[in-house]
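Just so you know, residue 1 is the first one in the sequence shown, and it goes up from there. Computed from heavy atoms alone, side chains included, the values below leave out hydrogens, waters and symmetry copies.
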Amino acid sequence: MKLKWSMLLVFGLVTSYFSQAQDITNNKFGKGLVNVVAKDSSFSLKFAARFQSLYTGSWDFANNDNLENGVSQFSIRRARLKFEGFAYSPKVTYKIELGLSNRDISGASEFTSNAPRYILDAVLKWNFYENFELWAGQTKLPGNRERVISSANLQTVDRSLVNSEFNVDRDMGFQLHHYINLGKNVIVREAFAISQGEGRNVTSENLGGFQYTGRVEILPFGDFDDYSGADLDREETPKLALGVSYDHNVNAVRTRSNSGSYMTTDTGFFETDINTFFVDGIFKYQGFSAMAEYAKRTADNPVALNSDGTPTGRVVEVGDGINAQAGYLFKNNYEVVTRYTQVTLDEALTGEGVEDQYTLGLSKYIVGHKLKVQTDVSWNDYEDNADNSLSYRLQIDIHF
């Protein structure tokens, strides 16, 4: 209830500011609604808002492509408020991001005090020495590239099935980030995180052990916008970024490491070590871009058991997946993109076989990623042909 009233207060203050102040601002569209620096340079604040309006149509096919039925849906896929800046010193920065759509705040449970999960990011970053930066709070772990790329900067309507199944998402804890320049162009980045291991907005005590995540990246041809989809900068020379991540969740109690269902037993929670491995890369050159990722999840004991050794019905979703996509941005800022995704879970454990997805998309960047229209069509092909489906999506994304 306190969080609800706090959000209403923030909304009221922002609304009051814009209703009473009709001054012309020097801010440009996409650069934030409010962007201020204290007179004594002791803090700064940038406030921005964005939302995505999504239409989805899907048609199920069963047994040799016989059309079963079709459904359609309009939704607000995401609606966000974002605050960022520095506090006390430019070396101490912060980010707060709040989610307002039903998809953003869903997942209330006893582990979040049965409250909506409004907070996406609440993290403080301290550049304490040269190229070292310490993060504290809740934010994305240094996992796969597609997950760390903001949903506002995606090349497609949404992330792939590989990301949905295997990403390690957000958590609360500490992160250490560092980068080094080798020679004239080569850049190496490293990140290490220690987190609670049960996902965002958890208010209960730590149920299992801690989660440890490490990532190393190399940019052999110099710096570029490698955490954004599409080559909007039309890189004049080839640019490449390669990354490897490894996540070890000790005594995890959820089926997807720090997400998924809790593995409850007759005496409490089933605990097992879960490991997730990622390899990814992104390439950009003169409007062409390509990105690929491989993910693999393993567990010491993937079948959750009761105290008497009988299965609880919950299993860790072990398996692997691959995602590959490529796009070309024309000079009129239309982009065509194709994507192939395959998810292969352990069928003997999960009951789910191989799923292939083929996607063809089209985007129009009106003001880069700040104002764009994206659409795609996807064919989902299951190993047993029982759940094959065709889907179409159309999304408008606006970011002030």
Side-chain angles (χ1 to χ4, degrees), residues 103-117 119-120 138-144 147 159-173 193-214 245-278 294-321 343-355 382-383 387:
R103 289 287 296 271
D104 286 327
I105 65 177
S106 63
S109 70
E110 60 182 299
F111 307 105
T112 63
S113 299
N114 293 309
R117 304 186 304 160
I119 300 174
L120 295 168
Q138 177 176 286
T139 191
K140 294 176 182 177
L141 295 176
N144 60 308
R147 183 67 188 95
R159 298 183 178 95
S160 70
L161 297 176
V162 167
N163 177 81
S164 300
E165 179 62 47
F166 296 103
N167 85 83
V168 291
D169 206 31
R170 288 176 166 91
D171 213 320
M172 293 177 280
I194 301 177
S195 55
Q196 182 164 282
E198 285 148 34
R200 65 184 177 94
N201 293 320
V202 173
T203 57
S204 62
E205 63 182 16
N206 192 4
L207 298 176
F210 290 104
Q211 184 173 4
Y212 304 90
T213 311
S245 297
Y246 182 74
D247 180 86
H248 179 61
N249 199 342
V250 179
N251 293 331
V253 296
R254 304 183 71 174
T255 57
R256 294 181 182 178
S257 186
N258 66 356
S259 63
S261 302
Y262 283 86
M263 296 183 287
T264 55
T265 70
D266 57 347
T267 59
F269 295 91
F270 181 79
E271 299 179 357
T272 185
D273 291 355
I274 298 178
N275 305 302
T276 312
F277 173 72
F278 301 102
Y294 171 77
K296 183 177 181 65
R297 181 189 293 126
T298 61
D300 288 355
N301 299 293
V303 180
L305 302 174
N306 288 309
S307 58
D308 60 0
T310 59
T312 66
R314 298 290 189 189
V315 298
V316 178
E317 297 183 19
V318 298
D320 59 11
V343 173
T344 307
L345 298 181
D346 189 325
E347 188 170 7
L349 293 175
T350 65
E352 299 180 27
V354 179
E355 179 181 3
Y382 291 84
E383 190 174 23
D387 298 309

Self-check item: By side-chain hydrogen bond (donor to acceptor under 3.5 Å, both in side chains) - contacts of R314 (at least two apart)
Solution: S261
Self-check item: Test applied, salt bridge (Lys or Arg N to Asp or Glu O under 4.0 Å); reference residue, E165; option that passes from K296, R297, R159
Solution: R297
Quiz prompt | T312 side-chain N/O to L305 backbone N/O, donor-acceptor pair under 3.5 Å | solution = no
Quiz item: Can you tell me if S245 uses its side chain to pair, donor with acceptor, with the backbone of G143 under 3.5 Å?
Solution: yes
Exercise. Give, for atom CD of E205 and atom CD of Q196, the distance between the pair rounded to the nearest 0.5 Å.
Key: 9.5 Å
Quiz item: So, T272 versus D300: side-chain donor-acceptor pair below 3.5 Å or not?
Solution: no
Quiz item: Between the side chains of S307 and D266, does any donor sit under 3.5 Å from an acceptor?
Solution: yes
Quiz item: Are N306 and T310 linked by a side-chain donor-acceptor pair shorter than 3.5 Å?
Solution: yes
Self-check item: D169 (side chain) donor-acceptor with L141 (main chain) under 3.5 angstrom
Solution: no
Quiz item: In Å and rounded to the nearest 0.5 Å, what is the NZ to CZ distance from K140 to R200?
Solution: 11.0 Å
Self-check item: D247-Q211 side chain donor-acceptor pair, cut-off 3.5 Å
Solution: yes
Quiz item: Would a line drawn from the ring center of Y294 to the ring center of F278 be shorter than 6.0 Å?
Solution: no
Exercise. Would you sort out whether S257 and N249 count as a side chain to side chain donor-acceptor pair (under 3.5 Å), showing the intermediate values?
Key: CA-CA 6 Å; S257 186; N249 199 342; 3.1 Å; yes
